[in-house]
Amino acid sequence: MRVLQRYRDLQDIIAILAWTNFRPHDRLTVNRARKIQRFLSQPFSVAEVFTGRAGKQVPVQDTVRGFKEILDGKHDAVPEGNFYMKGGIEEIQEK
């Protein structure tokens, strides 16, 4: 929650200042928050009709582990787009 809240706080500043003016820590926070947001887009079975993607069942403990890995920086080198509409964290490397 802190990472997402900090990202929300920085969004106005991002719109005004150049990205290069940010401290490395803030850049890292923004990058991880954006990956978390995309990771939240896990394909749900009930949304299949709207997304055209098959829904996936991901155990809660796997989702929590994925969040922890993102927060711990294990996936900092993975492009943000790889987190969109994935089931488990293992799928982000597949894109």
Just do the side-chain contact (heavy atoms from CB on, under 4.5 Å) check on Ile89 and Phe67 with the steps written out, would you? CA-CA 8 Å; Ile89 196 73; Phe67 274 97; over 6 Å; no
side-chain contact (heavy atoms from CB on, under 4.5 Å) for Phe83 and Leu40? Distances and angles first, verdict last. CA-CA 9 Å; Phe83 290 82; Leu40 282 172; over 6 Å; no
So does Met85 get a backbone contact from the side chain of Ser41, meaning a donor-acceptor N/O pair under 3.5 Å? yes
Got a second to check how far Arg38's CZ is from Glu80's CD, nearest 0.5 Å? 4.0 Å
Please lay out, stage by stage, how Leu4 and Ile36 fare under the test side-chain contact (heavy atoms from CB on, under 4.5 Å). CA-CA 8 Å; Leu4 293 174; Ile36 287 170; 4.1 Å; yes
May I ask you to decide if Val58's main-chain N or O and Asp62's side chain share a donor-acceptor pair within less than 3.5 Å? no
Looking at every heavy atom in both Asp76 and Ile70, which two are closest together, and how far apart are they? OD1-O, 4.4 Å
What I'd like to find out is whether the side chain of His75 reaches to under 4.5 Å of the side chain of Arg32, using heavy atoms alone. no
Mind running side-chain contact (heavy atoms from CB on, under 4.5 Å) on Lys74 and Lys68 for me, showing each step along the way? CA-CA 9 Å; Lys74 290 185 178 182; Lys68 183 170 178 10; over 6 Å; no
State, to 0.1 Å, how close Gly87 and Pro43 come at their nearest heavy-atom pair, and which atoms those are. N-CD, 4.0 Å
Is the backbone of Lys86 close enough, under 3.5 Å, to the side chain of Glu91 for a donor and an acceptor to pair up by distance? no
At what distance, to the nearest 0.5 angstrom, does CZ of Arg27 lie from CG of Asn31? 9.0 Å
Donor-acceptor pair, side chain of Lys35 and main chain of Gly81, under 3.5 angstrom: no
Is the count of non-hydrogen atoms from other residues, nucleotides or ligands lying under 6.0 Å from Gln57 atom CD greater than 12? no
Gap separating the CD atom of Gln61 from the OG1 atom of Thr63, nearest 0.5 angstrom: 8.5 Å
Partners of Tyr7 by ring-ring contact (aromatic ring centres under 6.0 Å, His included), sequence neighbours excluded? none
Go through the structure and list residues passing side chain to side chain donor-acceptor pair (under 3.5 Å) with Arg65, not counting sequence neighbours. Glu69, Glu90
